[in-house]
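Structure first, then comments.
All ligand and atom numbering here is 1-based and tracks the order in the structure.
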Amino acid sequence: MEQLESLDELRQRIDQIDTELLGLISARARCAQQVARVKLSDDANAVFYRPEREAQVLRRIMALNPGPLAAEEMARLFREVMSACLALERPIQVAYLGPEGTFTQQAALKHFGDSASTQPMPSIDDVFREVEAGAVNYGVVPVENSTEGVVNHTLDTFIGSALKICGEVVLRIHHHLMVGQNTQRQKISRIYSHPQSLAQCRKWLDAHYPMAERVAVSSNAEAARLVKTEWHSAAIAGDMAARRYGLEIIAEKIEDRPDNSTRFLIISTDDVPPCGNDKTSLVVAMRNQPGALHALIEPFQRHGIDMTRLETRPSRTGVWNYVFFIDLKGHREDPVVAAALEEVQLRAAELKVLGSYPVGVL
Ligand SMILES: O=C(O)C(=O)C[C@]1(C(=O)O)C=C[C@@H](O)C=C1
(Lines give C-alpha, C1' and ligand atoms only; values in the text may rest on other atoms or scores of the structure.)
Protein backbone atom coordinates (compact mmCIF):
# COMPACT_ATOMS: atom_id res chain seq x y z
CA MET A 1 0.00 0.00 0.00
CA GLU A 2 1.18 3.53 -0.75
CA GLN A 3 2.68 5.21 2.30
CA LEU A 4 1.01 8.65 2.60
CA GLU A 5 3.22 11.55 3.63
CA SER A 6 2.08 13.43 6.70
CA LEU A 7 0.37 16.82 6.42
CA ASP A 8 3.46 18.47 7.93
CA GLU A 9 5.78 16.82 5.43
CA LEU A 10 3.55 17.81 2.51
CA ARG A 11 3.36 21.40 3.72
CA GLN A 12 7.14 21.53 4.05
CA ARG A 13 7.40 20.35 0.45
CA ILE A 14 4.89 22.98 -0.66
CA ASP A 15 6.95 25.66 1.15
CA GLN A 16 10.10 24.49 -0.64
CA ILE A 17 8.38 24.50 -4.01
CA ASP A 18 6.94 27.96 -3.35
CA THR A 19 10.44 29.25 -2.55
CA GLU A 20 11.65 27.87 -5.87
CA LEU A 21 8.67 29.38 -7.68
CA LEU A 22 9.35 32.73 -6.04
CA GLY A 23 12.93 32.68 -7.28
CA LEU A 24 11.86 31.66 -10.77
CA ILE A 25 9.05 34.23 -11.08
CA SER A 26 11.43 36.95 -9.85
CA ALA A 27 14.06 35.86 -12.39
CA ARG A 28 11.38 36.02 -15.10
CA ALA A 29 10.36 39.52 -13.98
CA ARG A 30 14.00 40.70 -14.12
CA CYS A 31 14.18 39.30 -17.65
CA ALA A 32 11.11 41.33 -18.60
CA GLN A 33 12.78 44.45 -17.21
CA GLN A 34 15.75 43.78 -19.48
CA VAL A 35 13.38 43.24 -22.42
CA ALA A 36 12.00 46.73 -21.73
CA ARG A 37 15.51 48.22 -21.85
CA VAL A 38 16.22 46.46 -25.16
CA LYS A 39 12.92 47.69 -26.62
CA LEU A 40 13.67 51.27 -25.54
CA SER A 41 17.22 51.15 -26.92
CA ASP A 42 15.79 50.05 -30.30
CA ASP A 43 13.04 52.65 -30.40
CA ALA A 44 12.15 55.54 -28.09
CA ASN A 45 8.44 54.96 -28.91
CA ALA A 46 8.70 51.23 -28.27
CA VAL A 47 5.50 49.18 -27.95
CA PHE A 48 5.71 47.11 -24.79
CA TYR A 49 2.60 44.96 -25.06
CA ARG A 50 3.15 42.29 -27.73
CA PRO A 51 -0.03 40.29 -28.36
CA GLU A 52 1.65 37.89 -30.80
CA ARG A 53 4.35 37.00 -28.28
CA GLU A 54 1.82 36.61 -25.45
CA ALA A 55 -0.26 34.24 -27.58
CA GLN A 56 2.87 32.18 -28.32
CA VAL A 57 3.86 32.05 -24.65
CA LEU A 58 0.38 30.91 -23.58
CA ARG A 59 0.01 28.33 -26.35
CA ARG A 60 3.44 26.88 -25.56
CA ILE A 61 2.57 26.56 -21.88
CA MET A 62 -0.70 24.83 -22.75
CA ALA A 63 1.08 22.41 -25.06
CA LEU A 64 3.79 21.59 -22.49
CA ASN A 65 1.44 21.37 -19.52
CA PRO A 66 1.95 17.95 -17.86
CA GLY A 67 -1.14 18.16 -15.58
CA PRO A 68 -2.79 17.58 -13.18
CA LEU A 69 -3.87 21.22 -13.62
CA ALA A 70 -5.91 21.74 -16.79
CA ALA A 71 -4.07 23.49 -19.63
CA GLU A 72 -6.48 26.45 -19.47
CA GLU A 73 -5.99 26.82 -15.76
CA MET A 74 -2.22 26.80 -16.19
CA ALA A 75 -2.47 29.37 -18.98
CA ARG A 76 -4.54 31.61 -16.71
CA LEU A 77 -1.77 31.51 -14.09
CA PHE A 78 0.85 32.39 -16.69
CA ARG A 79 -1.50 35.10 -17.98
CA GLU A 80 -1.25 36.78 -14.59
CA VAL A 81 2.54 36.34 -14.37
CA MET A 82 2.93 37.95 -17.81
CA SER A 83 0.51 40.71 -16.89
CA ALA A 84 2.65 41.56 -13.84
CA CYS A 85 5.84 41.39 -15.94
CA LEU A 86 4.34 43.75 -18.53
CA ALA A 87 3.29 46.17 -15.76
CA LEU A 88 6.96 46.23 -14.64
CA GLU A 89 8.02 47.11 -18.18
CA ARG A 90 5.31 49.76 -18.59
CA PRO A 91 1.88 49.90 -16.91
CA ILE A 92 -0.82 49.80 -19.57
CA GLN A 93 -4.17 51.57 -19.62
CA VAL A 94 -7.20 49.85 -21.09
CA ALA A 95 -10.55 51.55 -21.77
CA TYR A 96 -13.63 49.34 -21.86
CA LEU A 97 -17.37 49.71 -22.34
CA GLY A 98 -18.47 50.42 -18.77
CA PRO A 99 -19.72 51.02 -16.21
CA GLU A 100 -17.65 48.97 -13.77
CA GLY A 101 -18.84 45.39 -13.51
CA THR A 102 -19.76 44.85 -17.19
CA PHE A 103 -18.88 41.69 -19.08
CA THR A 104 -16.59 43.91 -21.14
CA GLN A 105 -14.53 44.67 -18.02
CA GLN A 106 -14.40 40.94 -17.30
CA ALA A 107 -13.18 40.40 -20.88
CA ALA A 108 -10.53 43.13 -20.50
CA LEU A 109 -9.15 41.51 -17.35
CA LYS A 110 -9.26 38.04 -18.89
CA HIS A 111 -7.25 39.29 -21.86
CA PHE A 112 -4.73 41.61 -20.17
CA GLY A 113 -4.65 40.14 -16.65
CA ASP A 114 -5.23 41.90 -13.34
CA SER A 115 -2.15 44.14 -13.52
CA ALA A 116 -3.63 46.20 -16.36
CA SER A 117 -5.34 49.40 -15.33
CA THR A 118 -8.89 49.37 -16.71
CA GLN A 119 -11.04 52.47 -17.20
CA PRO A 120 -14.81 52.37 -17.83
CA MET A 121 -16.22 54.45 -20.70
CA PRO A 122 -19.90 55.38 -21.13
CA SER A 123 -20.17 54.21 -24.76
CA ILE A 124 -18.47 52.24 -27.54
CA ASP A 125 -17.73 55.56 -29.29
CA ASP A 126 -15.94 56.81 -26.18
CA VAL A 127 -13.77 53.68 -26.06
CA PHE A 128 -12.70 54.34 -29.68
CA ARG A 129 -12.15 58.05 -28.95
CA GLU A 130 -9.96 57.44 -25.90
CA VAL A 131 -7.71 55.07 -27.84
CA GLU A 132 -7.59 57.40 -30.86
CA ALA A 133 -6.66 60.34 -28.63
CA GLY A 134 -3.86 58.33 -27.00
CA ALA A 135 -5.43 58.77 -23.54
CA VAL A 136 -5.24 54.98 -23.13
CA ASN A 137 -3.20 52.30 -24.92
CA TYR A 138 -5.96 49.81 -25.72
CA GLY A 139 -9.74 49.51 -25.86
CA VAL A 140 -12.12 46.57 -25.41
CA VAL A 141 -15.54 46.45 -27.10
CA PRO A 142 -18.11 43.66 -27.56
CA VAL A 143 -18.61 42.51 -31.16
CA GLU A 144 -20.85 39.46 -31.27
CA ASN A 145 -22.87 37.16 -29.09
CA SER A 146 -23.48 33.50 -29.86
CA THR A 147 -27.21 33.83 -29.16
CA GLU A 148 -28.05 37.36 -30.23
CA GLY A 149 -25.63 38.03 -33.10
CA VAL A 150 -23.46 41.03 -33.85
CA VAL A 151 -23.14 44.28 -31.98
CA ASN A 152 -23.82 46.43 -35.02
CA HIS A 153 -22.65 49.64 -33.45
CA THR A 154 -19.14 48.27 -32.94
CA LEU A 155 -18.91 47.15 -36.58
CA ASP A 156 -20.23 50.48 -37.86
CA THR A 157 -17.74 52.42 -35.74
CA PHE A 158 -14.82 50.60 -37.37
CA ILE A 159 -15.79 51.95 -40.79
CA GLY A 160 -14.90 55.52 -39.83
CA SER A 161 -12.00 54.74 -37.51
CA ALA A 162 -8.28 54.36 -38.16
CA LEU A 163 -7.90 51.99 -35.20
CA LYS A 164 -6.80 48.39 -35.67
CA ILE A 165 -7.98 45.17 -34.11
CA CYS A 166 -5.04 43.71 -32.18
CA GLY A 167 -6.76 40.85 -30.39
CA GLU A 168 -9.95 38.99 -29.56
CA VAL A 169 -11.26 37.41 -26.42
CA VAL A 170 -14.24 35.11 -26.02
CA LEU A 171 -16.07 35.06 -22.71
CA ARG A 172 -18.62 32.47 -21.57
CA ILE A 173 -21.54 34.60 -20.46
CA HIS A 174 -23.47 33.50 -17.40
CA HIS A 175 -26.43 35.65 -16.43
CA HIS A 176 -27.84 35.69 -12.91
CA LEU A 177 -30.96 37.22 -11.42
CA MET A 178 -29.92 39.47 -8.53
CA VAL A 179 -31.57 41.66 -5.94
CA GLY A 180 -30.64 44.26 -3.32
CA GLN A 181 -30.93 43.93 0.46
CA ASN A 182 -34.30 45.71 0.53
CA THR A 183 -35.93 43.81 -2.31
CA GLN A 184 -39.14 41.98 -1.46
CA ARG A 185 -38.54 38.84 -3.47
CA GLN A 186 -42.18 37.85 -3.78
CA LYS A 187 -43.04 41.23 -5.27
CA ILE A 188 -40.55 41.58 -8.08
CA SER A 189 -42.46 43.50 -10.74
CA ARG A 190 -39.60 44.92 -12.80
CA ILE A 191 -36.44 43.35 -14.21
CA TYR A 192 -33.66 45.54 -15.55
CA SER A 193 -30.94 44.46 -17.95
CA HIS A 194 -29.18 45.21 -21.22
CA PRO A 195 -31.48 44.38 -24.20
CA GLN A 196 -29.16 41.57 -25.36
CA SER A 197 -29.17 40.00 -21.89
CA LEU A 198 -32.97 40.22 -21.67
CA ALA A 199 -33.09 38.47 -25.06
CA GLN A 200 -30.61 35.80 -23.94
CA CYS A 201 -32.81 34.96 -20.93
CA ARG A 202 -36.18 35.31 -22.70
CA LYS A 203 -37.44 31.76 -22.10
CA TRP A 204 -36.36 31.69 -18.48
CA LEU A 205 -38.13 35.01 -17.85
CA ASP A 206 -41.29 33.76 -19.60
CA ALA A 207 -41.31 30.70 -17.34
CA HIS A 208 -40.39 32.35 -14.02
CA TYR A 209 -41.42 36.01 -14.21
CA PRO A 210 -44.06 36.21 -16.97
CA MET A 211 -45.77 39.24 -15.37
CA ALA A 212 -42.68 41.30 -14.55
CA GLU A 213 -41.96 44.34 -16.71
CA ARG A 214 -38.66 43.94 -18.60
CA VAL A 215 -36.81 47.23 -18.71
CA ALA A 216 -33.90 47.61 -21.12
CA VAL A 217 -31.02 49.77 -19.85
CA SER A 218 -27.61 50.67 -21.25
CA SER A 219 -25.63 47.89 -19.52
CA ASN A 220 -25.96 45.02 -17.08
CA ALA A 221 -23.91 46.93 -14.54
CA GLU A 222 -26.30 49.87 -14.84
CA ALA A 223 -29.18 47.43 -14.18
CA ALA A 224 -27.39 46.22 -11.04
CA ARG A 225 -26.83 49.81 -9.90
CA LEU A 226 -30.52 50.64 -10.34
CA VAL A 227 -31.95 47.72 -8.32
CA LYS A 228 -29.80 48.52 -5.34
CA THR A 229 -32.25 51.25 -4.30
CA GLU A 230 -35.57 49.70 -5.41
CA TRP A 231 -37.56 47.20 -3.34
CA HIS A 232 -39.61 45.67 -6.19
CA SER A 233 -36.90 45.26 -8.85
CA ALA A 234 -34.29 42.72 -9.87
CA ALA A 235 -31.43 42.85 -12.37
CA ILE A 236 -29.97 40.37 -14.80
CA ALA A 237 -26.19 40.72 -14.83
CA GLY A 238 -22.94 38.84 -14.30
CA ASP A 239 -20.82 37.96 -11.25
CA MET A 240 -18.73 41.11 -11.42
CA ALA A 241 -21.77 43.38 -11.30
CA ALA A 242 -23.21 41.44 -8.32
CA ARG A 243 -19.90 41.89 -6.47
CA ARG A 244 -19.45 45.52 -7.48
CA TYR A 245 -22.95 46.56 -6.30
CA GLY A 246 -23.25 44.15 -3.35
CA LEU A 247 -26.30 42.31 -4.73
CA GLU A 248 -27.46 38.83 -3.87
CA ILE A 249 -27.84 36.29 -6.67
CA ILE A 250 -31.22 34.55 -6.33
CA ALA A 251 -31.11 32.49 -9.56
CA GLU A 252 -27.87 31.42 -11.23
CA LYS A 253 -27.04 30.81 -14.90
CA ILE A 254 -30.45 31.72 -16.27
CA GLU A 255 -29.32 32.15 -19.90
CA ASP A 256 -31.44 30.09 -22.30
CA ARG A 257 -28.42 28.57 -24.03
CA PRO A 258 -25.72 26.92 -21.93
CA ASP A 259 -23.04 27.75 -24.53
CA ASN A 260 -23.88 31.48 -24.49
CA SER A 261 -20.67 33.42 -25.16
CA THR A 262 -19.63 36.87 -26.32
CA ARG A 263 -16.65 37.83 -28.43
CA PHE A 264 -14.82 41.07 -27.67
CA LEU A 265 -12.21 42.88 -29.73
CA ILE A 266 -9.09 44.63 -28.51
CA ILE A 267 -8.44 47.86 -30.41
CA SER A 268 -5.27 49.91 -30.67
CA THR A 269 -3.22 52.08 -33.00
CA ASP A 270 -0.66 49.32 -33.70
CA ASP A 271 -0.41 46.52 -36.24
CA VAL A 272 0.42 43.08 -34.83
CA PRO A 273 3.01 40.79 -36.50
CA PRO A 274 2.03 37.15 -37.23
CA CYS A 275 2.15 34.61 -34.38
CA GLY A 276 1.39 31.48 -36.44
CA ASN A 277 -2.31 31.15 -35.55
CA ASP A 278 -3.91 34.40 -36.63
CA LYS A 279 -7.16 35.86 -37.84
CA THR A 280 -7.77 38.82 -40.13
CA SER A 281 -10.84 41.05 -40.06
CA LEU A 282 -11.84 43.20 -43.01
CA VAL A 283 -14.62 45.42 -44.18
CA VAL A 284 -15.36 45.38 -47.90
CA ALA A 285 -17.78 47.54 -49.87
CA MET A 286 -19.17 46.09 -53.10
CA ARG A 287 -21.21 47.88 -55.74
CA ASN A 288 -24.89 47.05 -55.79
CA GLN A 289 -24.85 44.63 -58.73
CA PRO A 290 -25.73 40.95 -59.33
CA GLY A 291 -22.99 38.51 -58.36
CA ALA A 292 -21.24 40.99 -56.03
CA LEU A 293 -21.15 38.57 -53.12
CA HIS A 294 -19.83 35.73 -55.25
CA ALA A 295 -17.11 37.98 -56.71
CA LEU A 296 -16.08 38.85 -53.19
CA ILE A 297 -15.91 35.32 -51.81
CA GLU A 298 -14.44 33.56 -54.84
CA PRO A 299 -10.75 34.61 -54.38
CA PHE A 300 -10.80 33.43 -50.75
CA GLN A 301 -12.21 30.06 -51.81
CA ARG A 302 -9.70 29.66 -54.62
CA HIS A 303 -6.77 30.39 -52.31
CA GLY A 304 -8.12 27.90 -49.74
CA ILE A 305 -8.69 30.57 -47.11
CA ASP A 306 -11.11 29.72 -44.34
CA MET A 307 -13.72 32.45 -43.81
CA THR A 308 -14.99 32.26 -40.25
CA ARG A 309 -17.58 35.04 -40.44
CA LEU A 310 -19.44 37.06 -43.05
CA GLU A 311 -21.72 39.86 -41.92
CA THR A 312 -23.67 42.23 -44.18
CA ARG A 313 -24.50 45.75 -43.12
CA PRO A 314 -26.45 48.40 -44.99
CA SER A 315 -24.17 51.17 -46.13
CA ARG A 316 -24.32 54.58 -44.52
CA THR A 317 -22.66 56.40 -47.41
CA GLY A 318 -23.11 56.39 -51.18
CA VAL A 319 -19.83 54.65 -51.99
CA TRP A 320 -20.38 51.80 -49.58
CA ASN A 321 -23.39 50.17 -51.27
CA TYR A 322 -23.08 46.82 -49.58
CA VAL A 323 -20.75 46.49 -46.67
CA PHE A 324 -19.42 43.09 -45.69
CA PHE A 325 -17.53 42.37 -42.51
CA ILE A 326 -15.33 39.32 -42.99
CA ASP A 327 -13.15 37.31 -40.60
CA LEU A 328 -10.73 34.84 -42.08
CA LYS A 329 -8.03 32.50 -40.84
CA GLY A 330 -4.49 33.74 -41.44
CA HIS A 331 -2.47 36.95 -41.22
CA ARG A 332 -2.51 39.69 -43.85
CA GLU A 333 1.25 39.11 -44.30
CA ASP A 334 0.76 35.38 -45.09
CA PRO A 335 1.42 35.09 -48.84
CA VAL A 336 -1.92 33.38 -49.65
CA VAL A 337 -3.92 35.90 -47.63
CA ALA A 338 -2.00 38.80 -49.21
CA ALA A 339 -2.68 37.39 -52.72
CA ALA A 340 -6.41 36.94 -52.06
CA LEU A 341 -6.70 40.42 -50.55
CA GLU A 342 -5.04 41.93 -53.59
CA GLU A 343 -7.61 40.27 -55.88
CA VAL A 344 -10.56 41.28 -53.72
CA GLN A 345 -9.22 44.83 -53.66
CA LEU A 346 -9.53 44.98 -57.46
CA ARG A 347 -13.17 43.85 -57.37
CA ALA A 348 -14.33 45.93 -54.42
CA ALA A 349 -15.39 49.56 -54.24
CA GLU A 350 -13.38 49.74 -51.05
CA LEU A 351 -11.42 47.33 -48.85
CA LYS A 352 -10.11 48.04 -45.41
CA VAL A 353 -8.18 45.56 -43.30
CA LEU A 354 -9.30 46.14 -39.72
CA GLY A 355 -6.43 44.07 -38.37
CA SER A 356 -4.59 40.76 -38.22
CA TYR A 357 -4.30 39.39 -34.70
CA PRO A 358 -3.76 36.16 -32.74
CA VAL A 359 -6.76 33.83 -32.41
CA GLY A 360 -7.94 34.18 -28.80
CA VAL A 361 -6.05 31.72 -26.56
CA LEU A 362 -7.91 31.85 -23.24
O1 LIG B 1 8.60 39.36 -25.00
C2 LIG B 1 8.33 40.53 -24.77
O3 LIG B 1 8.29 41.40 -25.67
C4 LIG B 1 8.03 40.96 -23.40
O5 LIG B 1 7.84 42.14 -23.17
C6 LIG B 1 7.89 39.93 -22.30
C7 LIG B 1 6.44 39.55 -22.05
C8 LIG B 1 6.45 38.35 -21.06
O9 LIG B 1 6.31 38.59 -19.86
O10 LIG B 1 6.65 37.23 -21.53
C11 LIG B 1 5.71 40.69 -21.44
C12 LIG B 1 4.90 41.52 -22.18
C13 LIG B 1 4.65 41.34 -23.60
O14 LIG B 1 3.33 41.66 -23.94
C15 LIG B 1 5.02 40.00 -24.07
C16 LIG B 1 5.79 39.16 -23.31
Side-chain angles (χ1 to χ4, degrees), residues 18 20-66 69 71-96 104-119 127 130-131 134-141 163-171 264-281 331-333 355-362:
D18 284 351
E20 283 170 39
L21 275 176
L22 198 61
L24 289 173
I25 293 171
S26 303
R28 191 188 193 288
R30 286 192 295 275
C31 235
Q33 285 177 316
Q34 286 183 27
V35 168
R37 273 181 229 121
V38 171
K39 284 179 185 166
L40 275 175
S41 70
D42 287 349
D43 175 6
N45 299 316
V47 178
F48 292 90
Y49 169 61
R50 300 290 171 89
E52 77 290 0
R53 172 66 184 156
E54 295 210 349
Q56 284 165 346
V57 169
L58 295 177
R59 285 197 196 113
R60 179 173 170 276
I61 290 298
M62 289 173 87
L64 288 176
N65 178 46
L69 286 179
E72 272 219 1
E73 200 60 55
M74 192 58 102
R76 267 198 289 276
L77 294 173
F78 275 81
R79 160 68 290 154
E80 286 306 327
V81 171
M82 247 191 321
S83 178
C85 287
L86 174 59
L88 261 188
E89 289 187 37
R90 179 69 51 100
I92 59 163
Q93 313 281 333
V94 181
Y96 66 91
T104 315
Q105 184 182 23
Q106 216 170 308
L109 293 173
K110 182 178 178 192
H111 188 80
F112 288 100
D114 276 338
S115 299
S117 150
T118 55
Q119 297 172 16
V127 176
E130 285 290 289
V131 183
V136 295
N137 311 99
Y138 302 96
V140 184
V141 288
L163 292 182
K164 322 270 173 55
I165 302 172
C166 69
E168 65 168 2
V169 53
V170 177
L171 201 66
F264 299 82
L265 296 175
I266 317 300
I267 52 174
S268 81
T269 49
D270 313 317
D271 279 316
V272 183
C275 76
N277 185 6
D278 304 281
K279 246 185 196 177
T280 296
S281 296
H331 193 280
R332 66 188 299 183
E333 290 173 15
S356 289
Y357 49 91
V359 170
V361 181
L362 287 177

Counting only non-hydrogen atoms and a 4.0 Å cut-off, the residues near ligand 1 are Arg28, Val35, Lys39, Phe48, Tyr49, Arg50, Arg53, Glu54, Met82, Cys85, Leu86, Glu89

| message | For a 4.5 angstrom cut-off between non-hydrogen side-chain atoms, does Phe112 reach Ile266? | response | yes

Across all chains, not counting sequence neighbours, the ring-ring contact (aromatic ring centres under 6.0 Å, His included) partners of Tyr357 are none

With sequence neighbours left out, the residues meeting ring-ring contact (aromatic ring centres under 6.0 Å, His included) with Phe264 are none

Q) If you measure from the Lys or Arg side-chain nitrogens to the Asp or Glu carboxylate oxygens, is any gap between Arg76 and Glu72 under 4.0 Å? A) yes

dist Glu54:CD -> Leu86:CG (nearest 0.5 Å) comes out at 6.0 Å

side-chain contact (heavy atoms from CB on, under 4.5 Å) filter on Leu24, not counting sequence neighbours, yields none

